[in-house]
*Asks:* 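I have a structure I would like to understand better, so I am pasting it below and will then ask my questions one at a time.
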Amino acid sequence: MLPTESMTPRRQLEMIEIMAELGGTDRVALSGSVIAVHLGLTRKTISRAAGFLTQAGLFQPARASWALTEVGLSLARLRRTDSARARLLLRDHWKDSWFQQAAVRFLASGPLEEGAFAKRLGAGLPGRPERAVYLVEWMTYALLIERDEQGHVSLSAVQQPSAGSAGFAPPGPGSQSLLDPLLGASVAQISALPDDQFVALMNAYRTVFASLTPRSAEQPTG
């Protein structure tokens with residue numbers, strides 16, 4: 001399922017935050033009408049957005065209503081305090097999603113123009129082209145892909161398939177690299193790091209990513 005074309009990803013994130021505020025720590029289910037009133041939208045629009053967010057593991061359906069999953073609530077809370085950790089949480093949560101697997105297939109040989117990538121993602125799926133474009137926005141927010149100033153998208157450094165990996169399968173225990181601590185940590189472990197340790201970890205990975213830049217620049221733009 002692709003995101004609805006009726007709400008931008010930014011507005012869908014606002015919906016998640018409103019549900020966290022109204023539903024509280026118990027993640028009380030809310031009707032589409034209640035959510036719609038707080039967002040100034042129609043219930044139909046809320047229902048359309050809820051389809052993708054349910055499949056993506058951020059919503060769980062109830063009778064004519066929806067509640068946040070634990071991940072959805074954690075995302076809303078982190079967005080208020082630390083946007084970087086919020087994006088890392090979503091990246092970890094979606095690392096095995098169908099669209100991340102598709103991104104590995106489509107971008108393994110090099111960057112693609114954003115529109116061309118969106119078209120490949122949406123191939124064979126129902127709905128208007130904007131739905132696939134919004135999925136690209138979500139993937140960029142979740143750090144699954146990177147977008148440059150020329151409008152090309154590529155796999156983020158931690159999503160790059162290892163050289164010679166057949167079928168681009170996830171690396172086994174013996175094939176991990178300097179990114180081990182971040183890739184092996186759970187969402188809870190990353191989120192629980194003290195601020196100084198989190199910043200130090202991010203600075204260390206920034207150095208690693210910078211060292212990969214010359215090699216990445218040599219990839220074909222296909």
Side-chain angles (χ1 to χ4, degrees), residues 1-103 118 121-122 124-145 159 185-193 195 198:
M1 182 178 291
L2 295 169
T4 178
E5 74 277 10
S6 301
M7 291 177 68
T8 65
R10 180 184 63 80
R11 288 287 274 165
Q12 292 177 52
L13 284 166
E14 289 179 13
M15 181 166 67
I16 292 171
E17 292 169 351
I18 285 175
M19 292 181 66
E21 180 181 344
L22 298 177
T25 56
D26 292 332
R27 296 183 284 115
V28 175
L30 303 169
S31 70
S33 299
V34 169
I35 302 169
V37 167
H38 282 79
L39 281 171
L41 299 170
T42 66
R43 188 188 186 285
K44 185 176 182 180
T45 298
I46 299 301
S47 298
R48 287 177 174 175
F52 170 75
L53 295 174
T54 297
Q55 187 188 68
L58 302 179
F59 279 17
Q60 55 188 28
R63 184 171 297 180
S65 59
W66 295 272
L68 292 178
T69 62
E70 290 185 6
V71 174
L73 180 59
S74 296
L75 176 64
R77 288 176 169 176
L78 282 173
R79 277 178 54 80
R80 297 172 185 167
T81 58
D82 193 322
S83 60
R85 293 195 197 189
R87 297 175 73 183
L88 284 171
L89 181 148
L90 199 54
R91 186 210 66 187
D92 190 78
H93 180 60
W94 284 348
K95 62 183 174 64
D96 296 320
S97 63
W98 72 265
F99 43 85
Q100 191 276 337
Q101 294 175 17
L121 280 178
L125 297 177
R128 297 173 58 182
E130 289 88 345
R131 299 183 71 175
V133 172
Y134 283 171
L135 180 56
V136 174
E137 293 287 343
W138 269 114
M139 295 175 71
T140 303
Y141 175 79
L143 304 175
L144 295 173
I145 59 175
Q159 302 295 330
S186 68
V187 172
Q189 289 172 322
I190 293 174
S191 300
L193 283 174
D195 288 344
F198 183 82

*Asks:* Show me the donor-acceptor pairs, under 3.5 Å and distance only, between side chains in residues 39-47 and residues at least two apart or in other chains.
*Replies:*
{"unit_1": "Thr42", "atom_1": "OG1", "unit_2": "Thr45", "atom_2": "N", "d": "3.2"}
{"unit_1": "Thr42", "atom_1": "OG1", "unit_2": "Thr45", "atom_2": "OG1", "d": "2.9"}
{"unit_1": "Arg43", "atom_1": "NH1", "unit_2": "Ser47", "atom_2": "OG", "d": "3.2"}
{"unit_1": "Arg43", "atom_1": "NH2", "unit_2": "Ala64", "atom_2": "O", "d": "3.4"}
{"unit_1": "Ser47", "atom_1": "OG", "unit_2": "Arg43", "atom_2": "O", "d": "3.1"}

*Asks:* Let me confirm one number: the NZ-CG distance from Lys95 to Leu143, rounded to the nearest 0.5 Å.
*Replies:*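 So the gap between those two atoms works out to 15.0 Å.
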
*Asks:* Applying side chain to side chain donor-acceptor pair (under 3.5 Å), name anything that partners Glu130, two or more places apart in sequence or on another chain.
*Replies:*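 Glu130: side chain to side chain donor-acceptor pair (under 3.5 Å) contacts with Arg128.
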
*Asks:* Without placing hydrogens or testing angles, list every side-chain donor-acceptor pair under 3.5 Å for residues 17-35, not counting sequence neighbours.
*Replies:*
{"unit_1": "Glu17", "atom_1": "OE2", "unit_2": "Arg79", "atom_2": "NE", "d": "2.6"}
{"unit_1": "Glu17", "atom_1": "OE2", "unit_2": "Arg79", "atom_2": "NH2", "d": "3.1"}
{"unit_1": "Arg27", "atom_1": "NH1", "unit_2": "Leu68", "atom_2": "O", "d": "2.9"}
{"unit_1": "Ser31", "atom_1": "OG", "unit_2": "Val34", "atom_2": "N", "d": "3.2"}

*Asks:* Which heavy atom in Leu2 sits nearest to a heavy atom in Pro126, and how many Å separate them?
*Replies:*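 Leu2 and Pro126 have their closest heavy atoms at CD1-O, 4.2 Å.
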
*Asks:* So does Gly127 get a backbone contact from the side chain of Glu5, meaning a donor-acceptor N/O pair under 3.5 Å?
*Replies:*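 Such a contact is absent between Glu5 side chain and Gly127 backbone.
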
*Asks:* Side chains of Pro9 and Tyr141: does their closest heavy-atom pair fall under 4.5 Å?
*Replies:*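 Result no, sub-4.5 Å side-chain heavy-atom pair not found.
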
*Asks:* Name the atoms and distances for all side-chain donor-acceptor pairs under 3.5 Å in residues 48-62, with sequence neighbours left out.
*Replies:*
{"unit_1": "Arg48", "atom_1": "NH1", "unit_2": "Ser6", "atom_2": "OG", "d": "3.3"}
{"unit_1": "Thr54", "atom_1": "OG1", "unit_2": "Ala50", "atom_2": "O", "d": "2.7"}
{"unit_1": "Gln55", "atom_1": "OE1", "unit_2": "Met1", "atom_2": "N", "d": "3.1"}

*Asks:* Tell me if a side-chain donor or acceptor on Arg131 pairs with a main-chain N or O of Pro3 at a distance below 3.5 Å.
*Replies:*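 Indeed, once roles are kept as given, a pair shorter than 3.5 Å links the two residues.
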
*Asks:* For Ala118, which residues count as a side-chain contact (heavy atoms from CB on, under 4.5 Å) partner, sequence neighbours excluded?
*Replies:*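 For Ala118 the side-chain contact (heavy atoms from CB on, under 4.5 Å) partners, ignoring immediate neighbours, are Ala132, Val133, Val136.
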
*Asks:* Indicate yes or no: at least one non-hydrogen side-chain atom of Asp96 is less than 4.5 angstrom from one of Gln100.
*Replies:*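 Answer no - side chains too far apart.
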
*Asks:* Roughly how far apart are Leu135 CG and Leu144 CG, rounded to 0.5 Å?
*Replies:*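 Going from CG on Leu135 over to CG on Leu144, the span is 9.0 Å.
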
*Asks:* Considering only heavy atoms from C-beta outward, does the side chain of Leu13 approach that of Trp138 to under 4.5 Å?
*Replies:*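 The answer is yes; the side chains approach within 4.5 Å.
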
*Asks:* Please step through side chain to side chain contact (heavy atoms under 4.5 Å, CB included) for the pair Arg77 and Leu73, ending with a clear verdict.
*Replies:* CA-CA 6 Å; Arg77 288 176 169 176; Leu73 180 59; 3.9 Å; yes

*Asks:* Out of curiosity, Phe99 CZ to Leu125 CG, how far, rounded to the nearest 0.5 Å?
*Replies:*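 So the gap between those two atoms works out to 12.0 Å.
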
*Asks:* In Å, rounded to the nearest 0.5 Å, how long is the span from CZ of Arg80 to CG of Leu75?
*Replies:*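 The CG atom of Leu75 is 10.5 Å from CZ of Arg80, to the nearest 0.5 Å.
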
*Asks:* With a 4.5 Å heavy-atom cut-off, do Leu121 and Met139 have their side chains touching?
*Replies:*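 A side-chain contact under 4.5 Å exists here.
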
*Asks:* With sequence neighbours left out, what residues match Arg63 under side chain to side chain donor-acceptor pair (under 3.5 Å)?
*Replies:*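 Here no residue qualifies.
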
